[in-house]
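Read the structure below first, then the notes.
One-based numbering along the sequence shown. As the structure is a computational prediction, the values presented were derived from the model and not from experiment. Atoms within a ligand are numbered from 1 in the order they appear, just like the ligands themselves. Just so it is clear, the values below take in all heavy atoms, side chains as well, and ignore hydrogens, waters and symmetry mates.
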Amino acid sequence: MINFKKIIANKIAKATQIEEKELETYIETPKDKTNGDYSFPCFRLAKELKKAPPIIANEIKEKLGKEVEQEENIEKIDVAGGYLNFFINKEILAKEVLQEIENSEEYGKSEIGKGKNIIVEYSAPNIAKPFHIGHLRTTLIGNALYKTYKYLGYNTIGINHLGDYGTQFGKMIEGYKMWGSEYDLNDDPINKMMDIYVRINALCKEDEEVLERCRENFRLLEEGDKYCVELWNKFKDLSMIEFNKIYDILNVKFDSYNGEAFYSDKTANVIKTLEEKGKITESEGAKIVDLEYAGINTPCIIQKSNGSSIYATRDLAAIMYRAKTYDFDKCLYVVAYEQNLHFKQIFEVAKYLVDEKYANGLEHISFGMVSLPSGKMSTRLGNVVKIEDLINGTIEKAQEIVNEKNSELKNKEEVAKKVGIGAIIFNTLSTVNIKDQIFDWNTALNFQGETGPYIQYTYVRTKSVIEKAGGIIPKLEDIKMENLLDEYSLEILKLVYNFEDVLVQVTEKNEPSILAKYLIDLAKAYSSFYNENKIIVENKNIQDARVYLTFAVQKVLKQGASLLGIEMPEKM
Ligand code: ARG
C-alpha cells in the first residue's frame, strides 16, 4: 500500500536536507480532523535551524509548493502554529485500502520480521499446583505477542518454561511416600497433589527431620534416582493433562515445553563460567554474584549452601541454551511484576555468560495483578481462583445471555463458548500490561461495553448486513470511491489503513492492548457508520460501496481478534 507518511517525510527531507527516516518518526496523526491526516511538528527543528517553529513551518510549505501541486497523493498543506498539516487524497486512500483488502488473503500480514528470531516465553505454570488466575495474563499476553510476531514474518518460538523443578518436589515425593495410598491421583489430580503439598509443608514446619528427608529426596532427584524420577514424572504427566485442557480451550500453543528441569544438568556450566571469570563470591557457604556495581542491591544467588541449584541458575542456563539453540534476536519473558528483581538480576549476570547481542535481546514483559471484585463471584470461585473455574463460570454466564438475546439460535453452546472465552481474552488484553486489573463478569460480558462480545457482535452484524444485501461481495472494479468520502466511511478507511502499523506498534512495545483498543475503535467506527449511513439503498452504486466497506471491516475485525486469540461466532 502507499505509505503516506513516507511520501510526506520524503518531501520534507527535500526541503530541509534532514534525513527522511528521522523525519518520518516525527510525523503525527492529529486527533482533530480539521488539522489534516498527518501533521509535522516543526518544534524539533527549531534548535537546529535557530528559528521559531511557525516560521519554519511556513518556509517548508513555501518550498514544497510546486512539488505538492504535482503530487496526487497529497491534497493540500496548511500551517497551524508550529505545525505543518497534510491532507491526503481520500479517493486514493479508499482505492488503496480496498484493493489491499481484495488482494490479500490475510490482510496486514507482512515480512518485516523476516530473518529475525524471537523467543516468547509465556504461561509457565508450576507442576502439581493449580493453574490459577495469576497465570491468565502471562498465557494470553504471551499468546497474542507470539501470534502477532509470527504474522509480521518473524521466526517465532513459543516456550512454556514449566515450573517443574525445585525443592518443593522433594517435599512432594516425601508426602507421596507417606500418604500416597490415601489418594486416587487419577481423579482431580491437581487438587490432590495440592493437598499432599499443603500437608507435607505443615509437617516440615514442625519436624526438622522430615524437612531433611525432603531435601534428601530433591538431592536424589537431581542425581537421577530411579524412584524419585519416576514419581516426579508422574506428577508432571498428571499436571500436564490438566494444563492442556486449559490450553486447548483457550487455543494456546507452544513450540517447546522445556521447563526448569530441562536445565538441571546445564547449571554446572553456568557456575563454571562465572567462576572462571571471577564473578562468584562465597557467602555463608552459598555462591553468589554481587551486583552492587550495577545498582542492584540484592546479589544473585547461584548455588545454595547445600550445593543445590536454584531458580535463577536454571534461568541462566536457559539463556545460554537459547542463545546457542535459537540464535535469538529477542527473548521476551512475559512474567508478572513480582519478578522484576529476579529478571534484573539474571539479565545482569547473563552479560558474563552470552554474547552482547543476546544479553541485549533479553526483555522482561512485566504485567500487573488480576483480581476479582469482592462479592458473589469471588466467593463462588473460592480463594485461589483456578482458571478452569473462571472459564467454566464465564461460559455459563455467556450461555444465559446468549439464550436471552436469541433463544432460536442454533449451536448455542458453541456460540456461548466463543463469547465466554472471547470475553475473558479481551478483558485480559485490553488493560495496558503494567496496570493491575479486575475481572468482572458484568463488565467483560457487556455487549455494549468495550469488550470481546462487543467486537464479536459487530462482526456478526457485518455478516448479516452482507447477507441482507444479497450475500455477495460486489466486485472491486465496480466500486466508485467517491461514494466513500463521507466522514463515517473515511474514519473506517483510515483505521483499516492503519492496521499493519498497529501490529508493528504491538511488537515494538510488546503491548497487545494497542490492538485491543484498535479493534474497539474500529467496531465503534462501524457502529457510527451503520447508524448514520443506510447501507441497503435504492442507489446500487452507493449500496455496493458500503457493502464493500462492511466486508473490509469484517475482515479486519476477524483477523485482528484472531491475533489476540479470539474466535468469531458467525451468528449470535
Ligand atoms: N513458574 C514461574 C511462576 O509460576 C514463572 C516462570 C517465569 N519464567 C522464567 N523464565 N523464570 O511463578
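- Side-chain contact check for N155 and K116: no donor-acceptor pair (N or O, by modelled atom type) lies under 3.5 Å.
- Remark: ligand 1 atoms within the under-4.0 Å shell around heavy atoms of V335 are 7 (C), 8 (N).
- If you check which protein heavy atom lies closest to atom 10 (N) of ligand 1, you get D315 OD1, 2.7 Å.
- From the protein, the heavy atom lying nearest to atom 8 (N) of ligand 1 is E121 OE2, 2.8 Å.
- At least one heavy atom of H135 lies less than 4.0 angstrom from ligand 1.
- A perpendicular orientation is assigned to the rings of Y149 and Y154, their planes being inclined by more than 60° (bins at 30° and 60°).
- Distances below 4.0 Å separate heavy atoms of H161 from the following atoms of ligand 1: 8 (N), 9 (C), 10 (N).
- Only the side chain of F343 comes within 4.0 Å of ligand 1, judged by heavy-atom distances.
- Short contacts between ligand 1 and Y333, defined as distances under 4.0 Å to a heavy atom of the residue, involve ligand atoms 10 (N).
- Polar contact with ligand 1: present for A124 (N/O pair, distance under 3.5 Å).
- By the 30° and 60° cut-offs, the orientation of the rings of F347 relative to Y333 is tilted.
- Nearest non-hydrogen protein atom to atom 6 (C) of ligand 1 is Y311 OH, 3.3 Å.
- For K435 and N433, the side-chain atoms include no donor-acceptor pair closer than 3.5 Å.
- Between H342 and Y311, the ring planes lie parallel to each other; the angle is under 30°, not in the 30° to 60° tilted range.
- The shortest N/O to N/O separation between E260 and ligand 1 does not fall below 3.5 Å.
- Note: H364 and F343 have tilted aromatic rings, judged against thresholds of 30 and 60 degrees for the angle between ring planes.
- In this structure, F131 and F243 have perpendicular ring planes: the angle between them is above 60°, well past the 30° mark.
- Ranking protein heavy atoms by distance to atom 12 (O) of ligand 1, first place goes to Q339 NE2, 3.2 Å.
- Put simply, the residue from Y257, W232, F262 that forms a side-chain contact (heavy atoms from CB on, under 4.5 Å) with D164 is W232.
- In terms of protein heavy-atom proximity, atom 1 (N) of ligand 1 is nearest to N126 OD1, 2.7 Å.
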